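Because the structure is a prediction, the values reported are computed rather than measured.
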Amino acid sequence: MTLKALLLPFIFTLFIACSMEDKAHISTKIELNTKWNFSQEGSNKFYPATVPGVVHLDLLENQLIEDPYWENNEEKLQWVENENWIYICRFQIDKKTLENQHVELKFMGLDTYARIFLNGKEILFADNMFREWDIEVKENLKEGENELKIVFQSPITYNQEKVENYPFVLPSGNETAGIETKVSAFTRKAAYHFGWDWAPRFVSSGIWRPVYLTTWNEARILEVFTSTNESNSTIALMNTRIEIEADKAGEYILEIDGIEKTYQLNKGNQSIDYSFQIKDPHLWWTNGLGEAYLYQQNLKIKKENHLLDEKSIHYGVRTIELINTDDKIGTAFYFKLNGKPVFMQGANYVPQDLFLPRVKEEQYKRLIKDAKEANMNMLRVWGGGIYENDLFYDLCDQNGILVWQDFMFAGSLYPDDTEFLENVRQEVIQNVKRLRSHPSIAVWCGNNEIEVAWNHWGWQEQYQYSPDDSLKIWNNYQLMFQNLIPELLFDLDPSANYTSTTPLSNWGTSENFNHSSMHYWGVWHGKEPFENFEEYVGRFMVEYGFQSFPSLSTLKKVMADSSLYLHSLAMQNRQKSYIGNGLIEAHIKQYFNEPTSFEEFIDRSQETQAIALGMAIRAHKAKQPHCMGTLFWQLNDCWPGPSWSVIDYYGKHKKAYDTVKIEFTTQQ
């Protein structure tokens, strides 16, 4: 046998050993999403819980409540929001895990007020549904069995004292009449959970996004942000900002797409900028204008021959610019993608369920596919819902759907205390960092309808604000939406587009339709005829619409046959708009004979909605370049009931969907 043959097994073994040694220090992630139990505080009886989940779903799964969406169960289940809920998980930790330098608990989302205990010791208090929470726990863990306990305090009772002691009442436009203490303005939680004019009230609690134990040694990659500085058909100038945390100062190797470079890192967090060029780049385009091309970027950080952490991201080469300046008409509002003015056509998107963890991956895929097939190129993530999960933005990236992203403030005023503002600061930082690399993000918007409400809805008189109160409220508004949020945004993403509120112009006068963004609700709230869609066309139509009922087959899934008529108690509760059914009936009679059955009423409501949206979209598109965007209200539903959607809760298309698809013809 030759020497080479004798040494080959040894060389192979050495190679395997070196490869194992290379990854011995790499960051790891351990899911803690199984073996949870829950209980109502004050009860010693525990039941199996699903994580991610919320308490309503756990109660339903254990047959402790009926289906919340069935008939009038919304009214019967309001007690859930006033209770505290306990969640407990027991999990095993081995010696190897504890040998890592750092072991952290990572909560991707807690809804909302949560005290966290690890092996009996309180380690964290969470108070914002929109934030992630990380805490070092190595010293609190032990080899063998460990116990993680979370006590969710009622969002209602937690904030009652704050509301009652605040010097004046803050509007909470989403909360239904009859609620004595309206707490939503004080609560960093999805506002639509407290009710809206298309949504029921289910104020949930729970571990609504995954929980992990993460380990790392020496250094790790925290964030990767790749952006386009300049681009054309021949070259793109790109920059990648990598945020790294090092356990101690020293030399580390950063590898980006196979290119290694040594850096001297300090202990703690720091950022590294890596500039590069792409020759003959594939630009990222919206649906209808070209390919939504995505590049992949692979990063590793090493210490000597140890691989410590690695990340892969996708990015697009594109520039997006919001033009909101004076012009010969008034005030322009439009987007340039890769230097080309683009007419935006799409819809407003709302969360797909009141109980968010049960929205499956296939539902996201189907809804974005529906948007693409309807020739949409923009969706607005509305500010009364949530910052959506990564999958939503990944799908928009892949399908060429731009995203108008609201910050989560809508229809309310907010407290001005330091604690609240700091909570908002961290929320903004985390979500901008998470989403800024997505080529689909076109613009960030400070809030939904707060400024127009302050100036035109009579809040000062309704809530009896003194001149001093009004000055204090307006100063706080400016602090949050004209200083704090945009300053953070531009620090984190200097090329980001920002508008402080939507709409910037109110529909009350004809002149206002020459200026900026517009929510036109003359048709519906103003009870104007559909023909006014043709007369009142703004520069960028962010909201407008008309209601319809979902199909009879949809309603049958949540209502008894005895309730399937327009004026049943269950059907009346399902209509959340104060003028809904009467307005639908009035417009049906304008275009059709009076329906002879409830099923015919449903069909006619959908046909009437289709007439309204078709008329509006044709008017908006015909008035280019005066108007450069049309986003109707709304794409989808969060529960089965009448609303402005063109796709119902179960994903079934209403008749207006086909109309929208025809009117949103593919752009050339």
Side-chain angles (χ1 to χ4, degrees), residues 168-175 182 184-186 188 191-192 196-197 322-326 330-334 348 380-385 404-416 420-421 424 427-428 443-490 496-522 525-526 536 538-544 629 631 633:
F168 38 77
V169 175
L170 294 179
S172 299
N174 53 319
E175 296 203 59
K182 298 182 178 182
S184 61
F186 292 76
R188 294 311 299 146
Y192 81 112
W196 217 274
D197 57 1
L322 170 62
I323 309 299
N324 186 203
T325 54
D326 293 343
T331 312
F333 196 104
Y334 68 94
N348 287 264
R380 175 187 173 215
V381 177
W382 166 76
W404 171 309
Q405 177 66 55
D406 283 4
F407 288 98
M408 291 301 118
F409 301 91
S412 300
L413 294 172
Y414 299 91
D416 60 356
F420 186 88
L421 291 174
V424 169
E427 171 188 323
V428 170
V443 61
W444 292 85
C445 178
N447 67 75
N448 172 74
E449 295 188 339
I450 299 176
E451 191 164 328
V452 73
W454 180 253
N455 290 325
H456 300 283
W457 292 4
W459 278 354
Q460 294 89 334
E461 182 178 348
Q462 179 182 352
Y463 296 101
Q464 300 181 334
Y465 295 143
S466 68
D468 286 345
D469 293 339
S470 295
L471 180 62
K472 184 177 182 182
I473 289 169
W474 182 244
N475 286 342
N476 184 51
Y477 175 89
Q478 291 181 305
L479 171 64
M480 186 176 296
F481 299 110
Q482 296 175 11
N483 298 109
L484 174 66
I485 291 177
E487 287 172 5
L488 287 170
L489 175 63
F490 297 143
N497 296 303
Y498 178 75
T499 182
S500 62
T501 187
T502 183
L504 290 169
S505 193
N506 186 50
W507 57 270
T509 65
S510 296
E511 168 61 21
N512 287 350
F513 288 86
N514 294 325
H515 299 280
S516 297
S517 55
M518 170 66 66
H519 294 190
Y520 174 53
W521 286 108
H525 295 294
Y536 296 112
R539 307 303 302 273
F540 196 104
M541 304 297 285
V542 184
E543 284 189 21
Y544 61 91
L631 308 178
W633 185 273

Provide the closest heavy-atom pair for [X] versus [Y] in the form atom of the first, atom of the second, distance.
X      : Y      : answer
Pro415 : Ala185 : CD-O, 3.4 Å
Tyr414 : Ala410 : OH-N, 3.0 Å
His515 : Arg539 : N-CG, 3.6 Å
Gly384 : Met408 : N-SD, 4.4 Å
Ala191 : Asn174 : O-ND2, 2.6 Å
Asn497 : Leu489 : O-CD2, 4.2 Å

List the residues meeting salt bridge (charged side-chain N to carboxylate O under 4.0 Å, His left out) with [X], not counting sequence neighbours, and say none if there are none.
X      : answer
Glu451 : none
Asp416 : Lys472
Arg380 : Asp406, Glu543

Side chain to side chain donor-acceptor pair (under 3.5 Å) against [X], all qualifying residues, sequence neighbours excluded:
X      : result
Thr509 : Asn512
Ser500 : none
Ser466 : Asp469
Asn475 : none

Checking [X] now: which residues fulfil ring pair (Phe, Tyr, Trp, His ring centres under 6.0 Å) with it, not counting sequence neighbours?
X      : result
Trp404 : Phe333, Phe540
His456 : none
Tyr477 : Trp474, Phe481
Tyr536 : Phe513, Tyr520

Measuring only between side-chain heavy atoms, which start at C-beta, is [X] closer than 4.5 Å to [Y]?
X      : Y      : value
Leu479 : Leu421 : yes
Asn506 : Asn455 : no
Val542 : Pro503 : no
Ser412 : Leu170 : no

Q. Is the closest side-chain donor-acceptor distance between Gln460 and Ser470 under 3.5 Å?
A.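 No pair is found: no donor N or O on one side chain lies under 3.5 Å from an acceptor on the other.
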**Q.** Test side-chain contact (heavy atoms from CB on, under 4.5 Å) applied to Val424 and Leu484, step by step
**A.** CA-CA 9 Å; Val424 169; Leu484 174 66; 4.3 Å; yes
Q | Backbone N/O of Gly383 and side chain of Asn447: donor-acceptor pair under 3.5 Å | A |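 Not a single qualifying donor-acceptor pair exists.
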Q | side-chain contact (heavy atoms from CB on, under 4.5 Å) involving Tyr463 - partner list, sequence neighbours excluded | A |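 For Tyr463, the residues satisfying side-chain contact (heavy atoms from CB on, under 4.5 Å) (neighbours in sequence not counted) are Val169, Pro171, Trp459, Tyr465.
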